[in-house]
S.K.: 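Quick one: the structure is below, and I'll ask about it shortly.
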Amino acid sequence: MTTTDRTAPRTGLLTVDGATLHHEVRGEGPLLVMMPGGSADAGIYDAIAADLADRWTVATFDPRGYSRSPLDGPVTEQLPATHADDIVRLIEVLSPDGAPAALFGSSSSAVVALDVLARHPGRVSRVVAHEPPVVELLPDPEAGRALFAAVRESFRRDGVTAAMATMAEGLAPAWGEDRAAPEPTAAEAEAEPTAREPESIAPEPEAMALEPERAAPESVAPASSPQEKSQETPQETPPEMPPEMPPEMPPAQAEVFRRMHANLPVFLEHVLCSFSGYAPDLAALKDSSAHLVVGVGRDSRTLLPAVAAEALARRVDARVAEFPGGHIGLTEDPRAFAARLRDVLLAP
């Protein structure tokens, strides 16, 4: 297989319960599934997947309800366990001989990776969970839950830009210190509590919102999702013209950027709070800790996701690996991030 053949994506569609998943496959070798977090889709991993395709069959995909992976019906609250079931189905299709796959997830998708390992340990050989913001393991879990509830309320009231500003402000303090939970707004007090399940945890705080604002990997063809229209919220900037898009961005990268920006309403309304309520199965994860590596960013170790991730590692006796950059290091320097991920995946 030539370098061009190895790095060119082979696209496909997979029918899962309630959705159709767009997925892309590069390279050859053992299966590595790379799961996008926040509002990102398969395009977030284009550069990294191309780098790793010399050693692995690298599979990327658009999560259900995002970009080119439409739901069968209206968008509803998303749960980590449902997304984990999608991953298991993808592994079954791409690894028909039953060989286990390696998984990489960042932020909210790292939550999904934890759920796959806890409930389907036989399907995975190694799980690298980069900064899963498991707020239930913070020194003050209520403060974490209140932050994400405030972000969603800000989105409902004032739109995407305001929600991301609330997110960035809330993540700024050092989460290793004691924090008091903010007072709930009147709307939050009257709202019904978010449904939770034992297997659902954190979203990817800053990356959820910031990945689409800063990521610019190469992408494939554009596509619109029905969910984009169903969750419209008044904004100063229309989805087709995301804020802060660099004017010199190549067309393929700009298309990835637009898709991720269009996914933000679904993320903020239907993913953020339900994922942040996830309570990891610590006993199951400890039983499989030999297969788990918890990643943290070199530049983000005092922020909520990394503090929560390191708390998880301590609780389940998992190894911690430092990655270049911060919470969204994979978009800040994809080549350096890919090199570090290669080392972690190949380590004994």
Side-chain angles (χ1 to χ4, degrees), residues 1-14 21-37 40-63 69 83-84 86-107 109-110 112-117 120-132 215 217-220 256 288 290-295 318-319 321-325 329-331 333-348:
M1 182 180 287
T2 66
T3 300
T4 301
D5 291 339
R6 190 173 62 234
T7 58
R10 308 181 293 279
T11 63
L13 296 174
L14 174 64
L21 299 185
H22 168 92
H23 60 87
E24 303 175 7
V25 179
R26 295 172 174 84
E28 55 187 351
L31 180 61
L32 166 62
V33 180
M34 303 198 70
M35 302 180 291
D41 64 18
I44 198 78
Y45 287 127
D46 281 354
I48 293 178
D51 273 8
L52 298 177
D54 65 326
R55 177 64 177 76
W56 289 273
T57 297
V58 184
T60 59
F61 65 100
D62 297 353
S69 291
H83 287 241
D86 291 346
I87 298 303
V88 173
R89 177 68 182 129
L90 189 63
I91 293 171
E92 290 172 349
V93 169
L94 298 179
S95 185
D97 61 356
L103 295 186
F104 174 80
S106 180
S107 205
S109 66
V112 178
L114 294 176
D115 194 66
V116 173
L117 180 59
H120 304 280
R123 302 302 319 200
V124 292
S125 55
R126 173 154 295 177
V127 170
V128 181
H130 184 263
E131 297 199 358
E218 294 122 52
S219 165
V220 220
V256 177
S288 298
H291 301 285
L292 175 62
V293 178
V294 175
R319 183 161 71 93
E322 187 174 85
F323 281 76
L330 64 94
T331 68
D333 190 343
R335 301 300 296 273
F337 199 95
R340 178 56 174 152
L341 179 57
R342 179 186 297 270
D343 290 343
V344 170
L345 290 171
L346 292 175

S.K.: Taking S69 for its side chain and H22 for its backbone only, find out whether a donor-acceptor pair lies under 3.5 Å.
M.R.: yes
S.K.: Hey, what do you get for OG (S288) to CG (L114), rounding to the nearest 0.5 Å?
M.R.: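 With rounding to 0.5 Å, OG (S288) is 11.0 Å from CG (L114).
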S.K.: Has R340 got a side-chain atom pairing as donor or acceptor with E322's backbone, closer than 3.5 angstrom?
M.R.: yes
S.K.: I would like to know whether D54 and R342 meet salt bridge (charged side-chain N to carboxylate O under 4.0 Å, His left out); could you show each step before the answer?
M.R.: CA-CA 11 Å; D54 65 326; R342 179 186 297 270; 2.9 Å; yes
S.K.: Minimum heavy-atom separation for P132 to A110, with atom names?
M.R.: CB-CB, 3.6 Å
S.K.: Can you tell me if R335 has over 12 outside heavy atoms packed within less than 6.0 Å of its CZ?
M.R.: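 At most 12 heavy atoms, drawn from other residues, nucleotides or ligands, come within 6.0 Å of this atom.
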S.K.: Dump the intermediate steps for side chain to side chain contact (heavy atoms under 4.5 Å, CB included) on R26 and T60, then the final yes or no.
M.R.: CA-CA 9 Å; R26 295 172 174 84; T60 59; 3.9 Å; yes
S.K.: Go through it in stages, so that I can follow the logic: the residues are I44 and M34, the test is side chain to side chain contact (heavy atoms under 4.5 Å, CB included), and I'd like the CA-CA distance, side-chain angles, deciding distance and then a yes or no.
M.R.: CA-CA 10 Å; I44 198 78; M34 303 198 70; over 6 Å; no
S.K.: Are W56 and L345 packed together at the side-chain level, in the sense that at least one heavy-atom pair is separated by less than 4.5 angstrom?
M.R.: yes
S.K.: Can you give me the closest heavy-atom contact between R319 and A347, atom names plus distance?
M.R.: NH2-CB, 3.8 Å
S.K.: Assess the residue pair R89 and L21 against the criterion (side chain to side chain contact (heavy atoms under 4.5 Å, CB included)); give the C-alpha distance rounded to whole Å, side-chain angles, the decisive distance to 0.1 Å, and a yes or no.
M.R.: CA-CA 10 Å; R89 177 68 182 129; L21 299 185; over 6 Å; no
S.K.: Could you check H291 against V124 for side chain to side chain contact (heavy atoms under 4.5 Å, CB included), going step by step and ending with a plain yes or no?
M.R.: CA-CA 8 Å; H291 301 285; V124 292; 5.6 Å; no
S.K.: Which atoms form the tightest heavy-atom contact between Y45 and P36, and what is the distance?
M.R.: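 Minimum heavy-atom separation between Y45 and P36: CE1-N, 3.5 Å.
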S.K.: Using every non-hydrogen atom in the two residues, find where A113 and V127 come nearest and quote the distance to one decimal.
M.R.: CB-CG1, 3.7 Å
S.K.: Does T57 reach the side chain of L94, with side-chain heavy atoms less than 4.5 Å apart?
M.R.: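 Result no, sub-4.5 Å side-chain heavy-atom pair not found.
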S.K.: How many angstroms lie between CG in L31 and OG in S95, if you round to the nearest 0.5 Å?
M.R.: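 The distance works out to 6.0 Å.
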S.K.: Closest approach of R10 and G27, non-hydrogen atoms and distance?
M.R.: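 Closest approach of R10 to G27, heavy atoms only: NH2-O, 3.2 Å.
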S.K.: Would you say the side chain of L341 lies within less than 4.5 Å of the side chain of V128, judging by non-hydrogen atoms?
M.R.: yes
S.K.: Heavy atoms, side chains only, cut-off 4.5 Å: are L103 and R123 in contact?
M.R.: no
S.K.: Using 30° and 60° as the class limits, which term best fits the ring planes of F323 and F104: parallel, tilted or perpendicular?
M.R.: tilted
S.K.: Classify the ring geometry of H130 against F337: parallel below 30°, tilted from 30° to 60°, perpendicular beyond 60°.
M.R.: perpendicular
S.K.: Less than 4.5 Å apart, any side-chain heavy atom of P100 and any of R126?
M.R.: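 Side chain of P100 against side chain of R126, heavy atoms only: no contact under 4.5 Å found.
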S.K.: To the nearest 0.5 Å, how far apart are NE2 in H23 and CG in D86?
M.R.: 11.5 Å
S.K.: Restricting to non-hydrogen atoms, name the atom on P334 and the atom on A47 that form the minimum distance, rounded to 0.1 Å.
M.R.: CB-CB, 3.9 Å
